[in-house]
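Being a predicted model, the structure only gives us computed values, none of them experimental.
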Amino acid sequence: EPTIARIRGLKPAENVTVEGEIVQAKQTGGPTIFAVSDATGIVSCAAFEEAGVRAYPDIEVGDLVRVEGDVETREDALQIEVDSMQPLEDERARSARERIDETLAERAEPADVDPLIEWEAFEPIREDLIEVARRLRRTVLEGRPIRARHHADGDGMCAAIPVQLALENFVRDVHEDPDAARHLFKRLPSKAPYYEMEDVTRDLNFALEGRARHGQKLPFLLMLDNGSTEEDVPAYENLAHYDIPIAAVDHHHPDPEAVEPLLDAHVNPYLHDEDYRVTTGMMCVELARLIDPSITGELEHVP
């Protein structure tokens with residue numbers, strides 16, 4: 001049975017069988033498009049009923065399935081035209097889940113790169129960044145969208161654009177669909193140096209609409225150069241009832257007691273007895289290199 005990564009080497013009309021997890025289920029005016037991940041990659045599977053009618057209505061995001069069909073090319077993207085799709089059950093589901101989790105953990109590991117400079121103050125912060133890089137890579141492998149909110153100033157830009165570059169490259173590496181990066185990563189500047197209620201309302205509406213209209217998972221929220229103060233708490237509390245993980249990489253003086261119960265990861269120099277001289281741009285260039293070290297040459301000037 002080929003892995004999704006190996007489908008790239010197959011000829012159109014070749015019959016394949018893959019096992020994986022449904023990470024998106026989108027109804028179009030024609031077929032139902034299921035995105036299936038086996039942790040080596042993510043491929044779209046087009047299942048046809050009558051036009052606009054949901055194929056396999058019992059199969060939902062999160063289900064493990066076995067898909068059989070023909071490899072086809074549509075708009076420069078590989079996809080599988082589904083002949084049959086069956087949910088995995090019992091022992092088969094358990095062994096598939098173990099195999100996927102093992103591969104996910106391996107592929108989510110950040111790159112083994114040295115920081116651009118040797119600096120003792122930075123070493124403990126870098127350990128925290130490695131954990132965030134691992135979470136972000138895993139988020140991409142699981143087919144979950146990412147929304148990056150950043151302060152709309154120089155440091156916020158120096159933080160967000162390297163991370164955008166790295167994550168979009170990784171999305172392209174994982175997904176057979178060349179448009180996936182456009183749909184799965186959004187960079188959003190924030191005027192205030194904290195998460196405003198207006199912004200969180202917009203983000204939540206966008207997330208819920210993405211789930212309802214496009215069958216997407218709810219997004220991972222990445223806060224850059226903001227997000228670690230008490231002023232962020234009301235906005236975070238709006239998201240607490242939803243499956244929206246939040247990570248903050250920031251160098252403003254934090255209120256850890258206030259924000260950490262609401263964050264899945266928090267990187268800040270003040271947590272290591274450092275201060276704002278360690279900029280978010282410095283941290284995020286290293287974060288971007290941990291996600292995709294090939295962009296190092298394009299980033300060396302940014303810190």
Side-chain angles (χ1 to χ4, degrees), residues 115-117 119 121-122 125-126 128-129 132-133 135-136 145-169 181-182 185-204 206-207 219-239 244-256 258-260 262-292 295-303:
L116 291 175
I117 59 166
W119 187 18
F122 196 71
I125 299 168
R126 190 165 178 276
D128 293 347
L129 291 170
V132 173
R135 281 176 184 270
L136 289 169
I146 296 169
R147 283 176 82 78
R149 278 266 169 210
H150 65 93
H151 192 199
D153 68 353
D155 191 34
M157 288 294 196
C158 288
I161 290 171
V163 172
Q164 175 177 8
L165 192 60
L167 284 170
E168 287 181 342
N169 283 354
R182 196 160 51 83
F185 183 88
K186 291 275 184 284
R187 178 175 66 78
L188 304 142
S190 293
K191 276 194 220 111
Y194 62 91
Y195 199 20
E196 291 187 288
M197 292 304 274
E198 189 184 323
D199 288 340
V200 74
T201 303
R202 194 176 291 126
D203 289 346
L204 190 53
F206 189 89
F220 185 107
L221 179 66
L222 180 61
M223 305 293 290
L224 302 174
D225 197 35
N226 61 12
S228 53
T229 67
E230 205 164 334
E231 289 168 298
D232 297 287
V233 167
Y236 288 159
E237 285 176 341
N238 263 0
L239 301 178
I244 298 179
I246 310 168
V249 182
D250 191 12
H251 75 146
H252 294 95
H253 199 292
D255 301 307
V259 293
E260 284 189 357
L262 297 158
L263 291 176
D264 293 80
H266 185 194
V267 184
N268 193 303
Y270 284 93
L271 302 177
H272 298 285
D273 299 320
E274 263 303 321
D275 60 25
Y276 62 87
R277 73 181 181 140
V278 180
T279 69
T280 317
M282 292 173 186
M283 293 189 283
C284 283
V285 164
E286 296 298 352
L287 176 61
R289 293 176 66 242
L290 289 162
I291 295 164
D292 177 13
I295 59 178
T296 294
E298 294 167 73
L299 300 181
E300 283 176 328
H301 64 291
V302 175

Quick check: do [X] and [Y] have side-chain heavy atoms less than 4.5 Å from each other?
{"X": "Trp119", "Y": "Ile125", "result": "no"}
{"X": "Asp225", "Y": "His251", "result": "yes"}
{"X": "Asp275", "Y": "Tyr270", "result": "yes"}
{"X": "Cys158", "Y": "Thr279", "result": "no"}
{"X": "Pro189", "Y": "His150", "result": "yes"}
{"X": "His266", "Y": "Pro254", "result": "yes"}
{"X": "Leu116", "Y": "Glu300", "result": "yes"}
{"X": "Asp232", "Y": "Leu262", "result": "no"}

- Whether His151 and His252 hold their rings parallel, tilted or perpendicular, with breakpoints at 30° and 60°: perpendicular

- Task: Under the side-chain contact (heavy atoms from CB on, under 4.5 Å) rule, what do Val259 and Thr229 come out as? Steps first, then yes or no, please.
- Result: CA-CA 7 Å; Val259 293; Thr229 67; 5.8 Å; no

Please round to the nearest 0.5 Å and tell me the distance separating atom [atom1] of [X] and atom [atom2] of [Y].
{"X": "Ile161", "Y": "Leu224", "atom1": "CD1", "atom2": "CG", "answer": "11.0 Å"}
{"X": "Ile146", "Y": "Leu167", "atom1": "CD1", "atom2": "CG", "answer": "4.5 Å"}
{"X": "Asp292", "Y": "Glu168", "atom1": "CG", "atom2": "CD", "answer": "11.5 Å"}
{"X": "Ile117", "Y": "Met282", "atom1": "CD1", "atom2": "CE", "answer": "7.0 Å"}
{"X": "Lys186", "Y": "Gln164", "atom1": "NZ", "atom2": "CD", "answer": "10.0 Å"}
{"X": "Tyr276", "Y": "Asp155", "atom1": "OH", "atom2": "CG", "answer": "12.5 Å"}

- Query: Going through the distances and angles, do Met223 and Asp250 end up as a side-chain contact (heavy atoms from CB on, under 4.5 Å)?
  - Reply: CA-CA 8 Å; Met223 305 293 290; Asp250 191 12; over 6 Å; no

- Could you give me the CA-CA distance, side-chain angles and deciding distance for Ile291 and Leu287, then say whether side-chain contact (heavy atoms from CB on, under 4.5 Å) is met? CA-CA 6 Å; Ile291 295 164; Leu287 176 61; 4.2 Å; yes

Work out which heavy atom in [X] is nearest to a heavy atom in [Y]; give both atom names and the distance.
{"X": "Ala207", "Y": "Ile244", "answer": "CB-CD1, 4.4 Å"}
{"X": "Phe122", "Y": "Met283", "answer": "CE1-CG, 3.9 Å"}
{"X": "Ala121", "Y": "Arg277", "answer": "CB-NH2, 3.8 Å"}
{"X": "Pro162", "Y": "Val302", "answer": "CG-CG1, 4.3 Å"}
{"X": "Asp199", "Y": "Ser190", "answer": "OD2-OG, 3.3 Å"}
{"X": "Pro193", "Y": "Asn226", "answer": "O-CB, 3.6 Å"}

- Message: Looking at Glu198, I'd like to know if its CD atom is crowded, meaning that more than 12 non-hydrogen atoms belonging to other residues, nucleotides or ligands lie closer than 6.0 Å.
- Response: no

- Query: Passes side-chain contact (heavy atoms from CB on, under 4.5 Å), Arg149 versus Val200? Steps please.
  - Reply: CA-CA 10 Å; Arg149 278 266 169 210; Val200 74; over 6 Å; no

- Has the side chain of Tyr236 got a donor or acceptor atom that lies under 3.5 Å from a matching backbone atom of Gly227? yes

- Message: Using only atom types and a distance under 3.5 Å, with no angle test, would you say the side chain of Asp264 pairs donor to acceptor with the backbone of Ile246?
- Response: yes

- Just checking, Arg147 and Phe206: is the charged tip under 6.0 Å from the six-membered ring centre and within 45° of the axis?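 Output yes; distance and angle both within limits.
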
- Message: Thr280 and side-chain contact (heavy atoms from CB on, under 4.5 Å): which single residue from Val249, Asn268, Val285 fits?
- Response: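 Checked Val249, Asn268, Val285 against Thr280; only one passes side-chain contact (heavy atoms from CB on, under 4.5 Å): Val249.
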
